[in-house]
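One structure below.
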Amino acid sequence: MSQILSADFFLQQDVVAVAKQLLGKVLVTDINGEITAGMIVETEAYSGHLDKACHARSGKTKRTSVMYHEGGVAYVYLCYGIHHLFNVVTNINHFPDAVLVRALEPLEGLDVMLRRRVKPKLTHTLTSGPGSLSKAMAIDLNQYGRKLFTGKNIWIEDRGIEVTADKIKSTPRIGVAYAGTDAMLPWRFYMDGNKYISKGKISYI
DNA sequence: CTCGCGATCTGCT
DNA sequence: GCAGATCGCGAGG
């Protein structure tokens with residue numbers, strides 16, 4: 001009943017569509033035999049050179065180079081010098097699109113996640129926010145560029161969770177006020193009512 | 001609950 | 001030099 005997303009899934013050329021399709025899918029990591037899994041409940045789409053909020057807006061750098069790879073690899077970067085943020089690279093070769101995963105609903109390995117986050121018990125903050133979920137899932141620069149469809153280390157599964165269009169809400173992306181009119185694009189998507197949604201400040205302009 | 005702030009690294013200006 | 005796709009803490013309501 002659970003199917004690892006194939007390489008083809010990530011080659012779709014509409015990153016906004018992929019951001020919506022990833023809601024309800026399950027992100028899994030196996031780090032030194034410790035399995036953790038969580039349902040993706042919040043995403044943001046970032047689309048290539050023309051998107052003023054996308055890291056690829058100023059071309060290819062050491063940090064962004066993996067965004068130019070064909071879809072299906074991980075783009076992980078350090079934000080504010082502290083937090084690792086996890087993105088799914090999409091689109092075909094040379095088109096630097098990515099989906100930022102902003103929140104998960106924990107499903108498996110709760111004890112491992114709590115230990116990594118140094119938390120005594122489960123609350124909605126365990127995997128609410130991109131930096132938090134990366135810490136809970138042990139995602140860091142070791143995952144940079146790693147393939148997401150091999151079923152090893154890190155991958156994404158379809159477990160048949162159905163997310164109908166009326167359950168998907170959209171808003172502008174978080175923390176991208178510097179992006180001019182692109183800050184208003186409604187490219188943040190989340191599952192309505194899920195308690196693990198992050199509470200970041202929305203940047204309208 | 002909300003607000004303000006410090007931590008700490010990358011890459012552009 | 002500085003701002004950034006953030007978080008957790010303490011103080012105040």
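Just so it is clear, the structure is predicted and the values come from calculations on it, not from any experiment. In what follows, chains carry the letters A, B, and so on, assigned in the order in which the sequence lines appear, proteins first and then strands, with residues in each chain numbered from 1.
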Would you kindly give the [atom1]-to-[atom2] distance between [X] and [N], to the nearest whole Å?
| X | N | atom1 | atom2 | value |
| --- | --- | --- | --- | --- |
| A/K60 | B/dC12 | NZ | P | 14 Å |
| A/I82 | B/dT10 | CD1 | P | 13 Å |
| A/K52 | B/dC12 | NZ | P | 16 Å |
| A/Y46 | C/dG4 | OH | P | 13 Å |
| A/L100 | C/dG4 | CG | C1' | 14 Å |
| A/D140 | B/dC9 | CG | C1' | 15 Å |
| A/Y77 | C/dG4 | OH | C1' | 8 Å |
| A/N87 | C/dT6 | CG | P | 11 Å |

* Nucleotide paired to B/dT8 in any strand shown, Watson-Crick or G-U, under 3.5 Å -> none
* With a 4.5 Å limit on heavy-atom distance, are the side chains of A/L27 and A/L22 in contact? -> no
* Asked: For C/dG8, does OP1 or OP2 lie under 4.0 Å from any side-chain N or O of A/R117?
  -> yes
* Check whether any side-chain nitrogen or oxygen of A/R102 sits under 4.0 Å from OP1 or OP2 of C/dT6, and answer yes or no. => yes
* Can you tell me, in whole Å, how much space there is between the P of C/dG13 and that of B/dC5? => 16 Å
* To do: Could you label the plane-to-plane angle of the A/H49 and A/Y68 rings as parallel, tilted or perpendicular, counting under 30° as parallel and over 60° as perpendicular?
  => tilted
* So with a 6.0 Å cut-off around NE2 of A/H94, is the heavy-atom count from everything else above 12? -> no
* Using a heavy-atom cut-off of under 4.0 Å over every strand shown, decide if A/L78 touches base, sugar-phosphate, or nothing. => sugar-phosphate
* When we call it a touch if two heavy atoms are under 4.0 Å apart, what does A/S132 touch: a base, just sugar-phosphate, or nothing? -> sugar-phosphate
* Structure fact -> A/I174 has its side chain closest, among B/dG11, B/dC12, C/dT6, to C/dT6
* Asked: Under 3.5 Å, is there a donor-acceptor pair between the side chain of A/Y77 and the main chain of A/N87?
  -> no
* Asked: Under 3.5 Å, side chain of A/T61 to main-chain N/O of A/T64, donor-acceptor pair present?
  -> yes
